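All of these numbers come straight from a predicted model, not from anything done at the bench.
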Amino acid sequence: MSFLQSTSFINEDGKMATIVMNSSEKTMSYKLYIGTNIATSIEIPARAIQTIIF
């Protein structure tokens, strides 16, 4: 079962925004893959929502 939920969209300026929600009771680490690019060591606190702009 995954405790992370996400959605992504392209802003008017051409940048991608990804919103991630952690519904668990623990801080989690994850990797975000965008094509061949990867953002590593992203952490999200328990019960948090964060936005990553790429």
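Considering every non-hydrogen atom in both I44 and V20, the closest pair reads CD1-O, 3.5 Å. When all heavy atoms of T51 and A17 are compared, the pair lying nearest together is CG2-CB, 4.4 Å. Taking every heavy atom of both residues into account, T18 and S8 meet most closely at OG1-OG, 2.7 Å.
Note that CG of N11 is 13.5 Å distant from CZ of F54, once rounded to the nearest 0.5 Å. Once rounded to the nearest 0.5 Å, the distance linking CG of N22 with CZ of F3 reads 8.5 Å. Within the model, atoms OG of S23 and CE of M28 stand 8.5 Å from one another, a figure rounded to the nearest 0.5 Å. The CD1 atom of I42 sits 10.5 Å away from the CG atom of L4 when rounded to the nearest 0.5 Å. With rounding to the nearest 0.5 Å, the separation of OH in Y30 from OG in S6 is 8.0 Å.
There is no path of hydrophobic side-chain contacts, each under 4.5 Å, that joins I49 to I53. Criterion: ILVMFWY side-chain heavy atoms under 4.5 Å apart, direct or through other members. Under it, L32 and I10 are part of a common hydrophobic cluster.
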Given side chain to side chain contact (heavy atoms under 4.5 Å, CB included), test Q50 with I52 step by step and report yes or no. CA-CA 7 Å; Q50 64 185 193; I52 297 101; 4.0 Å; yes
Are I34 and M16 close enough, and set up right, to give a side chain to side chain contact (heavy atoms under 4.5 Å, CB included), and what steps lead you there? CA-CA 9 Å; I34 302 168; M16 182 177 353; 3.4 Å; yes
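Residue pairs meeting the salt bridge (Lys or Arg N to Asp or Glu O under 4.0 Å) criterion with at least one member in residues 15-42, sequence neighbours excluded, are E25-R47.
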